[in-house]
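Data first, discussion second: the structure below is written as structure tokens.
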Amino acid sequence: MAPSHRSRGRSARAREPHPELDVERLTSGWRRTETHRGREWNVQPVSESQAQKAYACPGCAQEILPGTAHLVVWRADGVLGDAADLAARRHWHTHCWKAGR
């Protein structure tokens, strides 16, 4: 019989439960803060595979089609709080957001 090339430690680790995923930690690497027209904004990219719905871009008033990479943008310095800022987020074409500076 041929010797096994598997590490015995790996099979033991595979049986250990995975720690709960921290969505905030996972997305924080993608989200960034930008200054745009004197205000602070949270900017989070959306990849082609994540883009499931159509949205109207506030920069050009054209539709962002499903499967199109784009940005989700919301205020980072709003006075009404994080929940209100997040509720007011908008989906932008990447080039429209960059051109509006």
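Taking NE2 from His95 and NE2 from His70, the interatomic distance works out to 12.5 Å, rounded to the nearest 0.5 Å. For the atom pair CD of Gln44 and CZ of Arg89, the computed distance is 9.5 Å after rounding to the nearest 0.5 Å. Of the inter-residue distances, the one linking Glu63 atom CD with Cys57 atom SG reads 11.5 Å to the nearest 0.5 angstrom.
Following chains of ILVMFWY side-chain contacts shorter than 4.5 Å, one cannot reach Trp97 starting from Trp74, and the two form parts of different hydrophobic clusters. Note on Val46: it does not cluster hydrophobically with Leu65, by side-chain heavy-atom contacts below 4.5 Å among ILVMFWY residues. In this structure, Trp30 is not a member of the same hydrophobic cluster as Val72, with clusters built from ILVMFWY side-chain heavy atoms closer than 4.5 Å.
Glu40 and Asp77 make their closest contact through N-OD2, 3.1 Å (heavy atoms, listed as atom of the first residue, atom of the second, distance). Here the closest non-hydrogen pair linking His93 and Gln62 is CE1-O, 4.0 Å. Here the closest heavy-atom approach between residue Gly78 and residue Asp85 is recorded as N-OD2, 3.3 Å. Of all heavy-atom pairs spanning Ala51 and Thr68, the tightest one is CB-O, 3.4 Å. The shortest heavy-atom contact between Leu71 and Pro45 is CD2-CA, 3.8 Å.
For the salt bridge (Lys or Arg N to Asp or Glu O under 4.0 Å) with Glu34, the qualifying choice from Arg37, Arg31, Arg32 is Arg32, the only one to do so.
In this structure, Trp92 and His36 have perpendicular ring planes: the angle between them is above 60°, well past the 30° mark.
In this structure, Arg75 forms a cation-pi arrangement with Trp41, its terminal cationic atom sitting closer than 6.0 Å to the ring centre and no more than 45° off the ring axis.
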